[in-house]
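Below is one structure; the comments refer to it alone.
Counting begins at 1 with the first residue of the sequence.
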Amino acid sequence: MTVVPLGIPRRLLEFTLDGEPVRTTEGSTILDACRAAGKDIPTLCEGDTLRPKNACRVCVVEVEGSRTLVPACSRKAEAGMEVRTGTERARHSRKIVLELLASSVDLSTTPRVAGWIKEYEAKPDRFGPEAARLNEEPKIDNELYVRDYDKCILCYKCVDACGDQWQNSFAISVAGRGFDARIAVEHDAPLTDSACVYCGNCIEVCPTGALSFKSEFDMRAAGTWDESAQTETTTVCAYCGVGCNLTLHVQDNEIVKVTSPHDNPVTHGNLCIKGRFGYQHVQNRD
């Protein structure tokens, strides 16, 4: 029998959210409280397995007494604070951010963003066809995953997952400064010449599809990728005795990609190369 330590209980605190009193635990963020209250706050750079980065600024809310809008993903809830999520100022800021992102980055594979653009009446086309875009071909230099930086919003989640928050490989970093900033491996070398260990944990946290399984990339290019037709089955990885949980995504009786539950106490969404990519033998018909 495994004994799980309970730890020190967290205190409850109360604050006002859109005019209604809400309670949350000490240390929780405003975004945590909003989700618990059933309020849908858009966010792109926030991830439940990583520390907040405050990069995309789509989740901003208005806090009484604060000179600027604050990111709900990282601002800790405080007793007595007054938070407003749907003010004209907050909605206008989200609209502008969505317009800037959608005008410069391909968000076609970003979940929910089309709905947010419609909800906030964002008009990315208003910047015209000359809006700066990377216009870079996808990098296909290995058989496991593809890097399509035309979809990258510089949220740094892949950098954190590859760095000190999870994998500690430090194969991914931000190269350049200002408008020239971009995600790259060391010296912008091919992935096969980098420190990458092909764990795929960067794919797990990427919110836009800038990093994707080669299988998914190929199926999207062929027009056969259909998430509505896919089933998900969670099982245990059989490669070693650690006991990592795998979620198999299956379409037309073929495994098309593998993820891991973020709430699993062993993996927290992370896997090694064998767990994430070593599934081909399962469907070998020879």
Side-chain angles (χ1 to χ4, degrees), residues 40 42-44 46-50 102 105-118 136-153 155 157-158 161-162 166-167 191-192 196-240 242-264 266-286:
D40 183 25
T43 180
L44 292 172
E46 185 267 344
D48 58 356
T49 64
L50 298 168
V105 178
D106 177 9
L107 298 180
S108 61
T109 56
T110 305
R112 302 193 61 194
V113 77
W116 291 332
I117 289 176
K118 182 178 180 180
E136 182 177 312
E137 291 296 316
K139 293 181 179 290
I140 310 173
D141 50 16
N142 67 92
E143 291 300 315
L144 300 181
Y145 72 95
V146 175
R147 298 174 290 160
D148 187 355
Y149 290 139
D150 259 10
K151 298 178 179 179
C152 178
I153 61 170
C155 68
K157 292 171 75 172
C158 59
C162 187
W166 285 116
Q167 193 61 29
L191 202 65
T192 49
C196 177
V197 296
Y198 299 96
C199 62
N201 295 331
C202 54
I203 306 174
E204 185 74 33
V205 300
C206 180
T208 63
L211 303 172
S212 65
F213 280 76
K214 179 69 160 50
S215 55
E216 178 179 344
F217 179 85
D218 290 342
M219 291 177 69
R220 286 187 183 276
T224 58
W225 181 262
D226 183 4
E227 291 187 3
S228 65
Q230 295 174 13
T231 59
E232 298 180 11
T233 302
T234 299
T235 184
V236 179
C237 182
Y239 275 107
C240 72
V242 172
C244 297
N245 276 21
L246 309 179
T247 299
L248 309 179
H249 299 249
V250 178
Q251 180 178 330
D252 296 329
N253 206 32
E254 296 279 347
I255 300 173
V256 293
K257 72 175 184 178
V258 176
T259 59
S260 183
H262 288 195
D263 59 355
N264 182 265
V266 177
T267 64
H268 299 287
N270 298 288
L271 294 170
C272 73
I273 182 175
K274 293 180 179 179
R276 196 174 301 278
F277 296 109
Y279 57 83
Q280 289 80 3
H281 67 284
V282 176
Q283 49 208 28
N284 190 339
R285 303 295 188 252
D286 298 333

How many angstroms lie between SG in C152 and NZ in K157, if you round to the nearest 0.5 Å? 12.0 Å
Show the numbers, then the answer: is there a side chain to side chain contact (heavy atoms under 4.5 Å, CB included) between H249 and E216? CA-CA 11 Å; H249 299 249; E216 178 179 344; over 6 Å; no
Please give me the minimum heavy-atom distance between C199 and L271, naming the atom from each residue. CB-O, 3.3 Å
Does this structure show an ion pair linking D40 with R112, if we count only N-O contacts that are shorter than 4.0 Å? yes
Would you call N270 and Q167 a side-chain contact if the rule is heavy atoms closer than 4.5 Å? no
Taking the side chain as C-beta and beyond, is there a heavy-atom pair between F213 and V256 under 4.5 Å? no
Check: T233 main-chain N/O paired with T247 side-chain donor or acceptor under 3.5 Å: no
With a 4.5 Å limit on heavy-atom distance, are the side chains of I153 and L107 in contact? yes
Side-chain touch Y279/S215, heavy atoms, less than 4.5 angstrom: yes
Donor-acceptor pair, side chain of S260 and main chain of N245, under 3.5 angstrom: yes
Begin from the C-alpha positions of R147 and L191 and carry the test side chain to side chain contact (heavy atoms under 4.5 Å, CB included) through to its verdict. CA-CA 9 Å; R147 298 174 290 160; L191 202 65; 3.9 Å; yes
Can you see which heavy atom on Y198 is nearest to which on T192, and at what distance? OH-CA, 3.3 Å
Under 4.5 Å between any side-chain heavy atoms of V282 and L248, yes or no? no
Nearest-0.5 Å distance, CD of residue Q230 to CG of residue D252: 9.0 Å
Minimum-distance pair of heavy atoms, taken over all atoms of W166 and A161: CB-O, 3.3 Å
Can you confirm whether more than 12 heavy atoms, excluding those of Q280, are under 6.0 Å from its CD atom? yes
Ring centres under 6.0 angstrom apart (F217, Y145): no
Could you report the tightest heavy-atom contact between L211 and C206, atom names first, then the distance? N-SG, 3.5 Å
Can you find a pair of side-chain heavy atoms, one from W116 and one from T110, that are under 4.5 Å apart? no
Flag side-chain contact, heavy atom, 4.5 Å: S108 against K151: yes
Keeping the roles fixed (side chain from N264, backbone from V266), state whether a donor-acceptor pair exists under 3.5 Å. yes
Begin with the C-alpha distance, continue with both residues' side-chain angles, and end with the deciding distance and a verdict on side chain to side chain contact (heavy atoms under 4.5 Å, CB included) for L246 and Y239. CA-CA 11 Å; L246 309 179; Y239 275 107; over 6 Å; no
Mind jotting down which residue pairs meet the salt bridge (Lys or Arg N to Asp or Glu O under 4.0 Å) criterion with at least one end in residues 203-214? Sequence neighbours excluded, please. E204-R276, K214-D218
Identify the two heavy atoms, one from T49 and one from H268, that lie closest to each other, and give their separation to 0.1 Å. CG2-O, 3.3 Å
On a heavy-atom basis, the closest approach of C158 and C202 is CB-CB, 3.7 Å
When rounded to the nearest 0.5 angstrom, what is the spacing between CG in L44 and SG in C155? 8.0 Å
Taking side chain as C-beta onward, heavy atoms only, is V205 less than 4.5 Å from L50? yes
